Amino acid sequence: MKDQSWRWVLGLVYIITVASIWIAASFVVQSVVDAGVSPFLVTYLCNSLFIVYIPFIEIVHFLEDKYGTVLFWRNTKDNTSDSPESEEVVLLDETSEQIIDENVDMGLDAKGRWTRSRVAKVSLLICPFWFLAQLTFNLSLKYTTVTSNTILSSSSSLFTFLVSLVFLGEVFTWVKMFSVLLCMGGTIIVSLGDSKSGSSKVASNPVLGDILSLVSAAMYAVYITLIRKKLPDDDGKSGHASMAQFLGYLGLFNMLIFLPIPLVLNFANLEPFNTLTWKQLGLIVGKGMFDNVLSDLLWAKAILLTSTTVATAGLTIQVPLAAIVDSLTGNAPPIMDYIGAAAVMVGFAGINIPSDSCSVPKEASIELENGKIQSTEQDHLSPR
């Protein structure tokens with residue numbers, strides 16, 4: 001129980017860290033896109049940076065295979081065969097070979113890790129949903145404010161909750177349902193406020209930006225639900241699937257599959273590369289390394305440590321952060337944004353309540369019934 005609580009707390013710490021990084025990255029993307037850089041190019045470059053994980057994880061696997069640990073300088077393993085245990089090792093060779101054969105059939109290597117091909121297949125499946133989620137998110141920042149974008153993106157908790165109920169068997173509770181509806185109600189309030197406020201210097205077409213934010217939220221729900229379904233927990237039962245390796249292949253497939261599009265845009269002189277300044281390129285690469293490479297690894301870990309719905313809803317803490325930064329930069333959100341943000345925050349608090357806290361376990365119900373029976377017997381036996 002303590003171990004499970006620790007995993008839950010660690011997952012929440014990851015979520016808070018990710019939320020802070022994402023807010024900073026949103027303002028960076030908005031500044032770059034407003035300067036004329038294509039949202040597609042920003043998405044393509046940032047997502048492709050996931051590829052840096054591939055050489056890193058290959059080095060880790062090499063050291064583990066050769067020395068038994070990444071900290072190879074601390075390895076004091078004795079490889080001599082003169083010890084009394086050497087005969088046991090020989091006797092276990094046949095059993096080890098059988099285990100290796102079984103691992104190969106399951107898509108695992110000799111150390112119980114997922115093979116490259118097995119991880120790559122999952123990355124290839126999830127890649128299009130992830131790219132579309134990022135693209136619509138970045139494109140929405142061209143038309144609406146960071147605060148509105150952040151609030152509406154938080155509605156992914158609704159999509160995630162519904163998808164998780166159907167495909168992951170997540171426990172349904174009325175508290176979670178009411179909390180998710182609060183989040184959704186908050187997004188509707190924000191959308192209505194944006195439609196009335198009209199265009200501004202930062203939000204040139206708020207209604208279109210809001211629609212793109214909602215599409216992005218739906219894609220995020222599909223993305224993280226697929227992660228939860230296709231990648232196992234680190235429980236040792238289904239082998240170890242490296243999240244870094246998964247993200248590395250995600251970047252590789254992103255780079256290969258979507259490469260023709262920026263090339264066509266460049267040669268057609270629609271969005272030429274030579275208009276990109278070194279400063280803008282530096283901001284994009286920095287955003288990609290922190291927002292994509294680091295934060296998405298932490299977020300994917302948070303999904304496995306908590307749940308898909310909690311990981312998604314937890315990111316609603318971006319809402320007050322975005323509102324503060326927008327206010328400091330002279331783009332204070334309208335009053336309806338604050339009302340919608342309050343609804344989203346209350347919804348987040350409710351949806352973050354573990355499912356077992358909202359229902360009485362079966363064992364507890366049995367104990368309660370037994371306690372009532374004993375109490376009744378004592379009432380009959382005791383003098384009045």
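Worth saying up front: this structure is predicted, and the values here are computed from it rather than measured. Numbering of residues begins at 1 and proceeds along the displayed sequence.
Gln245 places no side-chain N or O within donor-acceptor distance of the main-chain N or O of Glu58, the cut-off being under 3.5 Å. Between the side chain of Ser123 and the backbone N or O of Phe246, at least one donor-acceptor pair lies under 3.5 Å.
Expressed to the nearest 0.5 Å, how far CG of Asn205 lies from NZ of Lys142 amounts to 11.0 Å. How far OG of Ser20 is from CD1 of Ile15: 12.0 Å, rounded to the nearest 0.5 Å. Remark: Ile57 CD1 to Met243 CE distance equals 11.0 Å, nearest 0.5 Å. Annotation: the span from Asn266 atom CG to Ser38 atom OG amounts to 11.0 Å, rounded to 0.5 Å.
Remark: Arg113 pairs with Glu64, Asp65, Asp109 by the salt bridge (Lys or Arg N to Asp or Glu O under 4.0 Å) rule, at least two apart or across chains. Checked against side chain to side chain contact (heavy atoms under 4.5 Å, CB included), Phe62 has the following partners two or more places apart in sequence or in another chain: Lys66. When the side chain to side chain contact (heavy atoms under 4.5 Å, CB included) test is applied to Leu181, the partners found at least two apart in sequence or on another chain are Met177. Qualifying ring-ring contact (aromatic ring centres under 6.0 Å, His included) partners for Trp174, counting only residues two or more places apart in sequence or in other chains: Phe172. Here Ala120 pairs with Tyr249, Phe253 under the side chain to side chain contact (heavy atoms under 4.5 Å, CB included) rule; sequence neighbours left out.
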Run the side-chain donor-acceptor check on residues 39-54: report pairs under 3.5 Å with partners two or more places apart or on a different chain.
unit_1	atom_1	unit_2	atom_2	d
Thr43	OG1	Pro39	O	2.8
Thr43	OG1	Asn138	ND2	2.9
Tyr44	OH	Met255	O	2.8
Asn47	OD1	Asn292	ND2	2.9
Ser48	OG	Tyr44	O	2.7
Ser48	OG	Asn254	ND2	2.9
Tyr53	OH	Val293	O	2.3

Stepwise side-chain contact (heavy atoms from CB on, under 4.5 Å) test for Leu250 and Leu247: CA-CA 5 Å; Leu250 196 69; Leu247 292 174; 4.1 Å; yes
Chi angles and distances behind the side-chain contact (heavy atoms from CB on, under 4.5 Å) call for Tyr223, Arg228: CA-CA 9 Å; Tyr223 162 71; Arg228 187 71 179 177; over 6 Å; no
Stepwise side-chain contact (heavy atoms from CB on, under 4.5 Å) test for Leu124 and Ile257: CA-CA 10 Å; Leu124 181 60; Ile257 294 174; 3.9 Å; yes
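Here the side chains of Leu108 and Arg118 are in contact, with some heavy-atom distance below 4.5 Å. Counting heavy atoms from C-beta on, the side chains of Val122 and Trp114 come closer than 4.5 Å. Using a 4.5 Å heavy-atom threshold, the side chains of Leu141 and Ser26 count as touching. Within the 4.5 Å cutoff, the side chain of Met219 has no heavy atoms near those of the Gln134 side chain. Side chains of Tyr220 and Trp130 form a contact here, defined as non-hydrogen atoms less than 4.5 Å apart. Counting only heavy atoms from C-beta outward, the side chains of Leu305 and Trp8 never approach each other to under 4.5 Å.
Minimum interatomic distance between Gly11 and Ala302 (heavy atoms only, all atoms of both residues): O-CB, 3.6 Å. Contact detail for Ser216 and Ala133: the closest heavy-atom pair is OG-O, 2.9 Å. For the residue pair Ala221 and Thr225, the shortest heavy atom distance occurs at O-OG1, 2.7 Å.
By the 6.0 Å contact criterion, CZ on Phe27 is enclosed, its count of non-hydrogen atoms from other residues, nucleotides or ligands being greater than 12.
Put simply, Ile16 and Val9 are part of two different groups of oily side chains (I, L, V, M, F, W, Y) that touch within less than 4.5 Å, one to the next. Residues Phe258 and Val264 do not share a hydrophobic cluster, clusters being chains of Ile/Leu/Val/Met/Phe/Trp/Tyr side chains in contact below 4.5 Å. Val13 is not connected to Val18 by any chain of hydrophobic side-chain contacts under 4.5 Å among Ile, Leu, Val, Met, Phe, Trp and Tyr, and they are in different clusters. Both Leu294 and Leu252 are part of a single hydrophobic cluster, where members link through side-chain heavy atoms under 4.5 Å apart.
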